[in-house]
Structure formats: C-alpha cells, structure tokens
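Here the structure is laid out as structure tokens; the discussion comes afterwards.
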There are 2 protein chains.
Amino acid sequence: MARAIDENKLTRIYEAAIYQVVEEGYGGASISSIARKADVAVGYLYRFYPGKHDLINHLLDNSINEIVTELELMLERVISVNEIVVLLVDYFFNMAQHRPHHVKFIYQMLSQSRFSLSEERRSNIRDLSRRVLQLGQDSRAIGPRYSYDEVFILMVMVPMEYINLNLKSFFDDRPLTERDSARVIEIVSVALRG
Amino acid sequence: MARAIDENKLTRIYEAAIYQVVEEGYGGASISSIARKADVAVGYLYRFYPGKHDLINHLLDNSINEIVTELELMLERVISVNEIVVLLVDYFFNMAQHRPHHVKFIYQMLSQSRFSLSEERRSNIRDLSRRVLQLGQDSRAIGPRYSYDEVFILMVMVPMEYINLNLKSFFDDRPLTERDSARVIEIVSVALRG
DNA sequence: AAACAATGAATGAACAGTCATTCATTAATC
DNA sequence: GATTAATGAATGACTGTTCATTCATTGTTT
C-alpha cells in the first residue's frame, strides 16, 4: 500500500459541499469553491465521485438515510405515535442547533422539483409512513381519514418548515427554543388526531 | 415616440425565467437560455433589469404580491377564518392547475435561505397573518396558543407543501383532485382550532 | 539499517465550453 | 431624419472535468 486515504478530507469535502450548496445554490456551488473551502485539490473530488452531480446526490441520499435509520430505530422500541412525534421533532430541532446547514440542505433539496431521491429512499419513506399511520390508527392517535403521505407531511415536512423559516429569520431573528419544539409537537399531534 | 415596447415580450420573459429557474435552478437558468425560450435577444433582458438577480428577485416579489393582494381582498369581505382557509387553499390549487411552475417557483424560492423577500413584502405577510390570527381568536376558530407565524405556516406553507410534493410526484404520479384540496382544508382547519 | 523500487494518494495546470454583461449596430416607428 | 426599441457578437471571468505529475508511504533488496 501507498498512502492511506485521509478520511478527514472526505468529511471536509462533505461539509464544504453542503455549506456551499445551501449558501450559493447547486449551480453556485462550484467544484473549485468546494475544494477551496475543504482545503483539497480540485481533482481530488473526482477520486470518489464521477462528477459534481453524483457527489451532491450522494450527500442528499446519505442525509435522508440518516433520518430513515433514526425513525426505524424509534419504531423498533414500539411506542405511541405521540412519542414518535416528540422524538422526531426533537431530532430535527437538535439537528437545527448543531448542524443548521444540514437541515437547510435537506429541506432545500426536497423542495426543488429537479432533485429526486433514489427509488430506494422513497420506498423507505413510504414504508415508514405507512407503519406510523397503521400504528396511529390502531390507537386513535391518527384520524381515520389520514393517508400515509399526509402523515409524512405533518410529521416531517411541517417541523422542517418551521425550522427553516426560523433559520431564515423570515419573521424575526430569534433562536429556536424549547417552546418552539413544544409548539410544533402540539400542532402536529392535534392535526394528526383529526 | 419610435417603436412601442412589446409588452408581450416582457411577459414571455417572465414565463421563461420562472420556467427555467424551476427546471434548472437559479444558477442553471442562464440569461441566454431564458432569452432563447422567450424568443428574445440576450441584451433585451438588460433593458428593464440591471442584472439577472434583479429580474428574478422582481419576479418573486411580484408573485408574493399577487398572493398578498388576493388575501387582502378576501379579508375585506370579512368572513370566517374557515372560509379564508377554503378560499386560500382553492387559490393555491387553482394556481397549481393552471400555472404549476409558478407554485413551484414561489415555494422553491421561499425554501432557499439565500433568497429573501423585500422588507415591504415581509411586512405585508406579518400584517395579514396577524389580522387572520385576531379574527380567528375572536371567533375561536384559532386556538389561544397560536402566534401569527404559526398561522402563516399552516395556512400558506402547508398547502404549498402538499401541492409541491404532488407536482414532484414524490409519492405517486397522480393529478391533484377536489379530494386533495378538501383534505388540506380539513387538516389545516383542525390544526388551527388547536 | 540503508537504499531502492513500487504503489496509489493527492495535486493543479490545461481544456473546451458557458456564464453575465456590454454596447456598437440595426430596424421600426414617428 | 430623428428617436428609440431591439439585436447579438464580443469580452473576460469562471465552469466541470481530465490527467500527467508529484509526493508520501510501503515492502523488498542489499
């Protein structure tokens, strides 16, 4: 063997790429700007991904996979739907506090119609949403009229929406607090009850 | 006067710009691609806007202003909050049917942290949200714990979220129907009641 | 232990193409 | 002929991608 691959460099590239995409958009996040921010040579980015598009797509897929895995863990120690709402909202708020750019990145990518998740990830999301819906309708925590995509919107997109508007300082420039997550939890829970 | 300005060209530019931004992103929506799609010379776009950024920003401001004006009209013939929810959701669903790219454009721009509305527009939105909140709390259509930004999220962002995911064919590829708007109306109304 | 390949991690100049913007020029109307 | 709407070639900066080259580290040979 020659030199060992510096894993640190890879994570620096990931962070830099997400940061640049959030800050400058996909088109504005040039390979050279990502490489500069990650303190890495331009050509190095092509050692792991055949192109810019693949790099960014992989980052999105990874981020979604993180959330999917987290939710799967929650569903294993089967608890109530209300508890899942609490855990999920806390998860997003925690992410907003420690890695705000990651939340922005995920939300931004999901909002744009030209980026789409892999069929595998969408399948994951469908399955999980259906399981939560079933669980909720058995315990009457979710109204009988609900479909699984509505569950996804309320439990995942609404919290991200709330966080994203706050991080944008859309209404005012104040930090997210415990009160915010409590409000989101209540709004989502009430809405789900139907 | 010499030649009259061809207003038709201007609207063609607007349509083309919105289409390209939605389809290719801000960075990918090049001036030349917009001009080509609008069947207009490249230099013509600089007759009305000093640059690309100003053009797109004006389009966003205009689109938001449309919605603001619509909501102001609704609030003049003062009706119940539930009726406002119905009218607003119908407005968005109508837009989704006839100008899907406009809905995508607005939603996409609002989601990205690097684009921000003018202070005037944000002020409009704050005022309207507050008026709806007041109206709703007087008639108990909106729960006592609600704040105006939460009203905005539920009445504006949630319907757009729903529409956007459908237009993306996120879960499945089916057209929006009457049932969808009815569902959104119910979910939002129930959530607001608290 | 010292010298020497061999390996592959990492670099960045070079390439053809595209970008936003400018402005001298042309075309249409008065 | 005067006015101004409209054009699009030209410009310099930057794009994503390639790949010959350099450099650090390993195992092998002396």
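Labels below follow one simple rule: chain letters A, B, ... track the order of the sequence lines, proteins then strands, and each chain is numbered from 1. Quantities reported herein were computed from a predicted structural model and do not represent experimental measurements.
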N-O pairing of [X] and [Y] below 4.0 Å:
| X | Y | value |
| --- | --- | --- |
| A:Arg126 | B:Asp172 | no |
| B:Arg122 | B:Glu119 | yes |
| B:Glu24 | A:Arg114 | no |

If I take atom [atom1] in residue [X] and atom [atom2] in nucleotide [N], what distance separates them, rounded to the nearest angstrom?
| X | N | atom1 | atom2 | result |
| --- | --- | --- | --- | --- |
| A:Ile34 | D:dC14 | CD1 | C1' | 15 Å |
| B:Arg36 | D:dG8 | CZ | P | 13 Å |
| A:Leu10 | C:dA10 | CG | C1' | 12 Å |
| A:Tyr49 | D:dG16 | OH | P | 17 Å |
| B:Asn8 | D:dA5 | CG | P | 17 Å |
| B:Phe48 | C:dT21 | CZ | P | 16 Å |

Is the distance between the ring centroids of B:Phe171 and A:Tyr148 less than 6.0 Å? yes
Under 6.0 Å between the ring centres of A:Tyr26 and A:Phe115?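 Between A:Tyr26 and A:Phe115, the centre distance is under 6.0 Å.
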Just compare C:dA10, D:dA6, C:dA20 and give me whichever is closest to any side-chain atom of A:Asp6.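 Closest nucleotide among those given: C:dA10.
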Among C:dT11, D:dG8, C:dT21, which nucleotide has an atom closest to any side-chain atom of A:Lys9?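 Looking only at side-chain atoms, A:Lys9 lies closest to C:dT11.
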Counting any heavy atom closer than 4.0 Å, what does B:Ile31 reach on the DNA or RNA strands: base, sugar-phosphate only, or nothing? base
Is it true that, when you exclude B:Glu178 itself, more than 12 heavy atoms of the residues, nucleotides or ligands shown sit nearer than 6.0 Å to its CD? no
For B:Val42 and A:Tyr46, find the nucleotide of DNA chain D closest to each by heavy atoms; which residue's nucleotide sits nearer the 5' end?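 Its nucleotide being nearer the 5' end, the pick is B:Val42.
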Which residue, B:Asp39 or A:Lys52, contacts DNA chain D at a nucleotide closer to its 5' end, judged by nearest heavy atom? B:Asp39
Counting only heavy atoms and a strict 4.0 angstrom limit, can you tell me which residues of residues 11-26 of chain B come near DNA chain D?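 Within residues 11-26 of chain B, no residue comes under 4.0 Å of DNA chain D.
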Establish, with yes or no, whether the OP1 or OP2 oxygen of [N] is under 4.0 angstrom from a side-chain nitrogen or oxygen of [X].
| X | N | value |
| --- | --- | --- |
| B:Ser32 | C:dC19 | yes |
| B:Tyr44 | D:dT7 | no |
| A:Ser30 | D:dT15 | yes |

Applying side-chain hydrogen bond (donor to acceptor under 3.5 Å, both in side chains), which residue pairs with at least one partner in residues 90-102 of chain A are found, sequence neighbours left out? A:Glu23-A:His101, A:Glu66-A:Arg99, A:Arg99-A:His102
Heavy-atom nearest nucleotide on DNA chain C for B:Gly51 versus B:Arg47: which residue maps closer to 5'? B:Gly51
